[in-house]
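Presented below is the structure to which this report refers.
Remember, predicted model here, so these are calculated numbers, not experimental data.
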Amino acid sequence: MKKLLDTMMLAVGLLFPATLAAEALPLIQNVNAYESMSLNGEWNYIVDVQEEGYYDYRMKPMRNGFFINAKPQRPEDLIEYDFDKSPTMQIPGDWNTQDERLFFYEGTVWFKKSFQAVPMSDYRTLLYFGAVNYDCRVWVNGKEAGHHIGGFTPFNFDISDLLREGENVVIVKVDNKRHAEDVPTLIFDWWNYGGITRDVKLVKVSPVYLEDYNLQLTSLEGRQISFSVKLNKPEANHQVTLNIPELKIKKTLTTAADGTASVSMKAKPQLWCPENPKRYQVEISLDNSTIADSIGFRKIETRDKQILLNGKPIFLKGISIHEEKPHGGGRANSVEDAHTLLSWAKDLGCNFVRLAHYPHNEYMVREAERMGILVWSEIPCYWTIAWTNPATLDNARQQLTDMIRRDHNRANVIIWSIANETPHSAERDAFLGKLAKHARSLDDTRLISMAMEVTGASNYKNILNDNMNEYVDVVSFNQYIGWYRDVNDAPKMTWEIPYKKPVIISEFGGGARYGYHGAKNQRWTEEFQENLYRENTAMLDKIDGLSGTTPWILKDFRSPRRVLPGVQDYYNRKGVLSDKGERKLAFYVLKQWYEGK
Ligand code: GCU
């Protein structure tokens with residue numbers, strides 16, 4: 001019977017091939033400013049190891065998969081799944097920390113949420129996801145709304161035509177299996193948390209809305225600020241008004257045929273900086289709708305081996321952070337999570353954080369802006385990516401586009417990083433070169449960098465020689481002297497960094513199990529890590545052009561690559577804080593070093 005049914009369905013499938021999944025619309029700017037209905041909360045889920053709900057037994061996509069949310073209509077009907085009788089979990093949230101059966105799980109999980117809606121003729125409805133790891137397919141009322149890959153950037157679909165009066169059902173298929181051609185690729189030193197990991201909402205927009213806008217200080221001396229907008233449609237003669245009451249600025253622009261408009265104007269804003277993270281309330285009106293934003297004005301640039309913020313040299317006292325909840329593991333995804341992690345960084349004396357190795361949630365970036373913390377934001381071109389695969393390049397470029405699109409109005413974001421610890425080759429240079437150019441074409445007001453690696457080390461002489469130096473504004477590299485090599489030799493080290501550019505040490509550090517004490521040459525003791533930090537910070541002070549560091553890492557974090565029993569237990573233990581936020585001895589060494597900066 002199943003065979004016959006499937007053959008029949010297959011026939012139907014062949015007659016009417018599955019509709020092609022719509023790609024995501026360009027990301028809407030500042031989605032939180034729009035009227036919306038949150039879909040956060042309890043969602044039913046079905047774990048589907050063999051993707052029974054999507055493929056038939058011939059591995060062909062089905063037309064009657066789980067996405068139609070079928071219910072038996074007659075007693076003899078055979079429906080072998082039922083979302084409403086299936087368990088629920090909290091969205092946003094990863095599945096690994098909510099269902100212990102899924103702690104290590106990599107595969108497909110289906111999610112279902114019902115919601116009430118009233119289709120609106122004079123408005124559009126966007127379905128917005130803050131992030132879904134990794135491969136995400138979405139259906140609304142059984143119709144495919146779209147497909148997205150990439151676990152750390154937001155996306156939105158226009159579902160207006162899929163909505164109906166009353167009860168609506170959204171079904172999401174999430175697959176976090178790893179593949180060589182993905183970004184990140186097969187191996188990475190963090191937990192592959194799966195699921196709908198950030199906010200989900202229905203966003204109400206006018207048929208013509210502000211797809212993107214840009215408000216920046218363009219000249220420090222001339223105190224010029226520039227404002228530009230792009231509508232979601234190439235339409236002329238739409239009125240856009242910029243209102244910054246505190247600066248007594250009110251400007252109206254008219255869009256051109258391509259739906260864009262721009263203006264530059266004189267203004268004397270207080271400049272955003274860590275000591276004074278001043279943001280201005282901004283209102284932007286288009287036709288009869290108005291959105292609000294908080295925007296800071298600042299200038300970031302380099303001069304020789306210095307990084308200048310608002311024209312003055314700055315030392316970036318940083319720390320690297322993974323997007324994990326401050327307590328208890330799992331993906332961080334709230335302003336409270338962000339505030340706690342960033343407060344710990346502030347306790348260290350930081351004015352800068354490296355959000356590794358992927359774009360973190362918007363709460364993190366905006367809370368850092370509010371708290372006066374500068375940000376390095378990165379896409380997960382991590383270790384050995386499939387450099388020659390065009391689909392991999394498109395994927396990386398899309399993640400870069402969406403990272404910049406979401407955060408380009410944030411004053412505290414100063415560095416876009418395109419990669420971490422990538423092996424040297426012409427293919428890699430070509431791939432990353434394209435990304436660097438793309439980033440600069442989208443935003444030429446910020447610094448471009450990437451985390452390189454020391455290329456040669458002998459007789460205590462460390463050399464950096466990386467072709468990518470041409471593409472970056474800041475030369476950054478990871479080094480693990482005292483941990484992966486040359487234990488206790490930091491004092492003897494010399495450096496050869498032949499580039500007239502500022503230097504950031506984007507990683508250094510070593511592991512320690514909180515509470516494990518002993519001799520300073522005993523691995524995993526807090527004393528070993530403390531000594532390593534002492535020796536490393538003294539060594540780094542000798543590097544010419546050192547403009548910042550982001551030690552690895554603020555807090556112990558989960559990693560499937562860390563399996564030493566009683567010490568790691570699936571945690572990377574290089575935090576200066578334990579996985580519960582307890583301070584290790586090294587915390588105080590770094591804090592003291594930063595006090596001297
Ligand atoms: C690398 C890498 C990190 C990793 C760290 C470590 O440098 O960039 O992602 O966690 O080293 O080995 O702990």
Side-chain angles (χ1 to χ4, degrees), residues 216-224 271-275 297-320 350-354 373-378 411-420 424 429 432-433 435-437 439-457 461-479 493-508 536-551 593-594 596-597:
Q216 300 251 5
L217 182 82
T218 38
S219 145
L220 200 53
E221 303 67 32
R223 291 300 173 122
Q224 282 279 348
L271 298 176
W272 186 100
C273 63
E275 301 73 27
F297 298 97
R298 59 92 185 96
K299 179 114 179 121
I300 189 76
E301 58 197 320
T302 64
R303 184 178 57 208
D304 295 341
K305 293 192 171 192
Q306 290 181 316
I307 295 177
L308 308 180
L309 176 64
N310 300 329
K312 294 194 222 66
I314 185 169
F315 186 89
L316 299 173
K317 302 183 276 186
I319 191 81
S320 295
C350 293
N351 60 8
F352 178 54
V353 290
R354 176 187 177 199
I373 299 176
L374 295 154
V375 163
W376 159 308
S377 190
E378 180 166 297
N412 61 323
V413 178
I414 55 170
I415 297 177
W416 301 123
S417 168
I418 57 173
N420 179 74
H424 294 212
D429 293 356
L432 295 180
L435 290 185
K437 285 195 187 123
R440 228 176 268 294
S441 71
L442 295 177
D443 177 11
D444 61 359
T445 70
R446 287 183 175 81
L447 310 178
I448 306 291
S449 192
M450 57 186 268
M452 299 171 177
E453 293 175 292
V454 174
T455 21
K461 186 172 177 187
N462 296 272
I463 297 167
L464 189 73
N465 176 4
D466 193 318
N467 297 340
M468 288 305 295
N469 78 83
E470 289 168 35
Y471 295 93
V472 298
D473 302 297
V474 175
V475 168
S476 309
F477 61 91
N478 303 347
Q479 61 81 24
M493 294 298 173
T494 62
W495 296 87
E496 187 182 301
I497 306 167
Y499 311 120
K500 229 168 173 295
K501 296 183 177 181
V503 173
I504 289 179
I505 304 299
S506 35
E507 289 181 34
F508 73 89
N536 262 260
T537 49
M539 172 189 73
L540 297 180
D541 273 338
K542 290 186 274 178
I543 292 182
D544 175 31
L546 184 70
S547 295
T549 64
T550 49
W593 189 51
Y594 280 160
K597 289 279 172 211

Do Ile505 and Asn536 come close enough that some side-chain heavy atom pair is under 4.5 Å?
-> no

Of all residues at least two apart in sequence or in a different chain, which pass the side chain to side chain donor-acceptor pair (under 3.5 Å) check with Lys461?
-> Glu496

Would you mind telling me which of Arg440, Lys501, Arg446 makes a salt bridge (charged side-chain N to carboxylate O under 4.0 Å, His left out) with Asp473?
-> Arg440

Show your working on side-chain contact (heavy atoms from CB on, under 4.5 Å) between Ile414 and Leu316 and close with a plain yes or no.
-> CA-CA 11 Å; Ile414 55 170; Leu316 299 173; 4.0 Å; yes

Does the side chain of Val474 come within less than 4.5 Å of Tyr499's, by heavy atoms?
-> no

Nearest 0.5 Å please: distance from the CG atom of Leu432 over to the NZ atom of Lys437.
-> 12.0 Å

For Thr445, does its backbone N or O pair with a side-chain atom of Asp443 as donor and acceptor, under 3.5 Å?
-> yes

With Trp495, which residues qualify under ring-ring contact (aromatic ring centres under 6.0 Å, His included), at least two apart?
-> Phe477

To the nearest 0.5 Å, how far apart are CG in Asp466 and CE in Met450?
-> 5.0 Å

Measure from the side-chain N and O atoms of Asn351 to the backbone N and O of Ile373, and report whether any donor-acceptor pair falls under 3.5 Å.
-> no

Heavy-atom side-chain proximity of Ile497 to Asp544 below 4.5 angstrom | no

Closest non-hydrogen contact found for Glu378 with Ser417 is OE1-OG, 2.9 Å

Do the side chain of Ser320 and the main chain of Thr550 share a donor and acceptor less than 3.5 angstrom apart?
-> yes

Start with the C-alpha gap between Gln479 and Asn462, add the side-chain angles, then the distance that decides, and say whether side-chain contact (heavy atoms from CB on, under 4.5 Å) holds.
-> CA-CA 10 Å; Gln479 61 81 24; Asn462 296 272; over 6 Å; no

Closest non-hydrogen contact found for Leu271 with Leu220 is CD1-CD1, 3.6 Å

Nearest-0.5 Å distance, CD1 of residue Ile314 to CD of residue Gln306 = 11.5 Å

Quick check: does any side chain N or O of Tyr471 sit under 3.5 Å from a backbone N or O of Ile448, one acting as donor and the other as acceptor?
-> no

Does any donor atom in the side chain of Tyr594 or Thr549 lie under 3.5 Å from an acceptor atom in the other side chain?
-> yes

Partners passing ring-ring contact (aromatic ring centres under 6.0 Å, His included) against Phe297 (at least two apart in sequence or in another chain) = Tyr280

Passing candidate, side chain to side chain contact (heavy atoms under 4.5 Å, CB included) with Ser547, options Ser476, Pro502, Pro313 = Pro502

Do the side chain of Asn412 and the main chain of Val375 share a donor and acceptor less than 3.5 angstrom apart?
-> no

What one should report as the nearest heavy-atom pair of Ile418 and Met468 is CD1-CE, 4.2 Å

Side chain to side chain donor-acceptor pair (under 3.5 Å) partners of Gln216, counting only residues at least two apart = Asn214

Go through the steps for Ile504 and Arg354 under the test side-chain contact (heavy atoms from CB on, under 4.5 Å), then give the verdict.
-> CA-CA 11 Å; Ile504 289 179; Arg354 176 187 177 199; over 6 Å; no

Contact check, side chains of Pro274 and Leu374, non-hydrogen atoms, under 4.5 Å | yes

State the NZ-NZ distance between Lys597 and Lys317, to the nearest 0.5 angstrom.
-> 9.5 Å

CZ/Phe352 to CG/Leu309 distance, rounded to the nearest 0.5 angstrom?
-> 11.5 Å

Heavy atoms of other groups near Lys500 NZ, more than 12 under 6.0 Å | no

Quick one: side chain to side chain donor-acceptor pair (under 3.5 Å) partners of Asp429, sequence neighbours excluded?
-> Asn467

Got a sec, which residues hit side chain to side chain donor-acceptor pair (under 3.5 Å) with Asn478, two or more places apart in sequence or on another chain?
-> Asn420, Glu421, Ser506, Glu507

Look only at the side chain of Asp541 and the backbone of Ala538, and say whether a donor-acceptor pair between them is shorter than 3.5 Å.
-> no

Enter the distance from Thr494:OG1 to Ile543:CD1 here, rounded to the nearest 0.5 Å.
-> 10.0 Å

